[in-house]
4 protein chains.
Amino acid sequence: MLLLMARDQTRAKVHAAALLLALDANGAGPLTMEGIAARAGVSKQTVYRSWPSTGAVLFDALLARSADESGRVVVPNSGDLSSDLLALATGMIGELKDPLEEALLRALTADLQSDAVLAAQYRELLLGPQLSAISTRLSEAGVPASGDVAELFVGPIFYRWLLRTRPFDSEWVSAHVERIIRSIGR
Amino acid sequence: MLLLMARDQTRAKVHAAALLLALDANGAGPLTMEGIAARAGVSKQTVYRSWPSTGAVLFDALLARSADESGRVVVPNSGDLSSDLLALATGMIGELKDPLEEALLRALTADLQSDAVLAAQYRELLLGPQLSAISTRLSEAGVPASGDVAELFVGPIFYRWLLRTRPFDSEWVSAHVERIIRSIGR
Amino acid sequence: MLLLMARDQTRAKVHAAALLLALDANGAGPLTMEGIAARAGVSKQTVYRSWPSTGAVLFDALLARSADESGRVVVPNSGDLSSDLLALATGMIGELKDPLEEALLRALTADLQSDAVLAAQYRELLLGPQLSAISTRLSEAGVPASGDVAELFVGPIFYRWLLRTRPFDSEWVSAHVERIIRSIGR
Amino acid sequence: MLLLMARDQTRAKVHAAALLLALDANGAGPLTMEGIAARAGVSKQTVYRSWPSTGAVLFDALLARSADESGRVVVPNSGDLSSDLLALATGMIGELKDPLEEALLRALTADLQSDAVLAAQYRELLLGPQLSAISTRLSEAGVPASGDVAELFVGPIFYRWLLRTRPFDSEWVSAHVERIIRSIGR
DNA sequence: CGATAACCGAGACGGTACGTCCGGTCTTGGA
DNA sequence: TCCAAGACCGGACGTACCGTCTCGGTTATCG
């Protein structure tokens, strides 16, 4: 007979509650521990037992999604760097535009500004691997200073998204990739 | 005869208090309206009369600094685009490293994530002009899609600063400028 | 040519505002200086110049009404003590039931509990004369300890009104007067 | 093993604080929720959780005293109505003169003027029973309209106390009882 | 008639208290 | 043994009034 481990069930409920709240309360509601507990039908203490802050809950929910989901954005490697970067950028932007993902990331980004520990974890567990993957793909194409180029590639996308300067359109994406390619200089 | 410009005096006191608090309470203290009022020796209502949130105070303080200070970072125009961009990047990074400026901008950036109105003002009054100035300088040098290139220039700097991926050093800066120049393609 | 003295005009406006506010905000609204000033279309300072508290405004308004109004309840003296007391009680109760008067008196009574100066003025200028008049009428009828009897007459009316134990009806009033007459004992 | 009855303890602390504050801040201090919480060493929210206003706290404290204290003023029944009323009046006046009781009742009476709910509870739970007890005692002595006579007895005492017209002395008390007896008319 | 002072509206200001929300900790009672 | 339920202290929220103050713009007496 299977006894469901209450803890995992609880964990899932809390994650779901955090995602929902981040989604519909984006901008307005500040996403509180109390709110998450209430939405998850769980006592506050249960939430505090496992996570120290709303940011930690969000981060954990994000990690869980990464693990679950097989459809994570992955750096393609077809041999043609230009088309691979285009596909990658399109994938990243698609993810950033997904309402749930967007709400989650914006809420989390706000928390990162005032939580150094969380920020470090974010860099190590999410950002780092992503940048490394891109950097590795560039290295394989013989690009020098591949880490810096990876940042050149990702930076403007992040900048546009975070500060909402202008919406993403496909012309911009392809022009951006072309500029990256040119910047490599052979 | 002394004419007290009561309002301006108050405004200055609040600005000063916000700057100080953003400075030494960076990370730890969450910069509260109550705290600002107390530090400024001013009643809470006086703060609320003029600003709806801590973010608004910070933003206003930042604007006041921009107006006051003649030493704002300005886009140089020596005729040599490469050296001008290098000077500009160095200036921007210097500003981002200034403890006071840094504390201010980080606190403000956190607030921007959950305050759409403030975010819009920030884009229009601070970011926009900066990007425009860079874009104009690029146009004068005959660079096409100068707005996009300006973002390509600024984006990675902002990315590194916000996510603290790696510190800025002079090698990176000059390599970054070179990549930008190459990306223009002719 | 008659030049209206601005001050009296102001005084009248403030009185009117206080009466209106006491009337419709009875129970709910706590009758504030700020509210009175706003309702009177007068600056706060103008109110404070002439009265130290809301209670003082109410009291002054009440005094002004007493002076103005010729129809004040007065102790009748027809020679028949019994019918005179009945007329007096009926008049007093009628006044207490008048919505404006009632609102005014209840608001004022509440203030009296926490303002000793105001309470003393109230006793001396309003209550005292009323009790004295009744006492005098009783004396003229040869009633001993007329002051105490006056209180015996007034006390239960006030008690019923203030604590709202039961509504006044005419049977009670005449029975009350009969009891007072009997209590005199010759 | 110690089981802390947390709630009751809190309740007691709040009651004690309210009594103390009503006592020494009588007249001057307006008895605030914040003050009660501070004096009780309790958070504001804890006070608001259980009572909606200072009046409610006072009323509850008064009720608790009534329940505790065996020495409540009680209507005596020796068979001699006159001496029983005298004892009763003396007891009531003694209680009204007790500084703690007086402070409590005056503060509460002020609140009653602007809180209809509280006023109703006061009538039903404290005044009503008192008047009923007196009325019952009068009925047993064959007094007609005993409820009205009870009010005739209590009204002037309350009137003197509330408006502080004159201090109570024993001559007045016995004269008052005599007048009540005479008013019954056989 | 034009100066001069008093009065007034408007409302900023330093405060105190309001009543609410949330952060974290701790206790209790039922499963 | 675990956990929901929720009381509890603390602190910030944003608002309402308090009573004081300065500011301009009328009035209305007086030189």
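A, B, ... follow the sequence lines: proteins, then strands. Residue 1 opens every chain. Heavy atoms only: backbone and side chains are in, while hydrogens, waters and symmetry mates are out.
Counted by atom type alone, Thr46(D) and Arg49(D) present one or more donor-acceptor pairs between their side chains at under 3.5 Å.
Toward the 5' end of DNA chain F, the nearer of the two residues Pro52(C) and Thr54(B), judged by each one's closest nucleotide, is Thr54(B). Sequence order on DNA chain E of the closest nucleotides to Ser43(B) and Gly35(D) puts Ser43(B) first from the 5' end. Where Glu34(B) and Ser50(D) meet DNA chain F, the nucleotide closest to each residue was compared, and Ser50(D) sits on the side nearer the 5' end. Both Gln45(B) and Ser53(D) sit near DNA chain E, but only Gln45(B) has its closest nucleotide nearer the 5' end.
Ring orientation note: the planes of His15(B) and Trp51(B) are tilted relative to one another, at an angle of 30° to 60°.
Between Thr32(C) and the phosphate of dA16(F), there is no side-chain N or O to OP1/OP2 separation shorter than 4.0 Å. Distances shown here put a side-chain N or O of Thr46(C) below 4.0 Å from the OP1 or OP2 atom of dG9(E). The phosphate of dC13(E) (OP1 or OP2) has a side-chain N or O of Thr10(B) nearer than 4.0 angstrom. Between Arg49(C) and dC7(E) there is no side-chain N or O to OP1 or OP2 distance below 4.0 Å.
Summarising the geometry of Ala22(C) relative to Ala103(C), their closest heavy-atom pair is O-CB, 3.2 Å, with the distance given to 0.1 Å.
Distance Gln9(D) CD to dC9(F) C1': 14 Å, rounded to the nearest Å. Note: CZ (Arg7(D)) to C1' (dT27(E)) measures 14 Å, nearest angstrom. The distance from atom OH of Tyr48(D) to atom C1' of dC13(F) is 14 Å, rounded to the nearest whole Å. Atom pair Arg39(D):CZ and dC9(F):P shows a separation of 17 Å (rounding to whole Å applied). Remark: C1' of dC18(E) and CG of Leu31(D) are 14 Å apart, rounded to the nearest angstrom. Atoms CD1 (Ile36(C)) and P (dA16(F)) sit 18 Å apart, rounded to a whole Å. Straight-line distance from the CE atom of Met33(D) to the C1' atom of dT20(E): 12 Å, rounded to whole Å.
At the heavy-atom level, Gly41(C) lies under 4.0 Å from the strands shown only through sugar-phosphate atoms.
Using modelled atom types, no side-chain atom of Arg106(A) and backbone atom of Gln113(B) make a donor-acceptor pair closer than 3.5 Å.
The nucleotide whose nearest atom lies closest to any side-chain atom of Lys44(C) is, among dT20(F), dC22(E), dT25(E), dT20(F).
Put simply, the side chain of Asp111(A) does not reach to within 4.5 Å of the side chain of Ser53(A), judged on heavy atoms.
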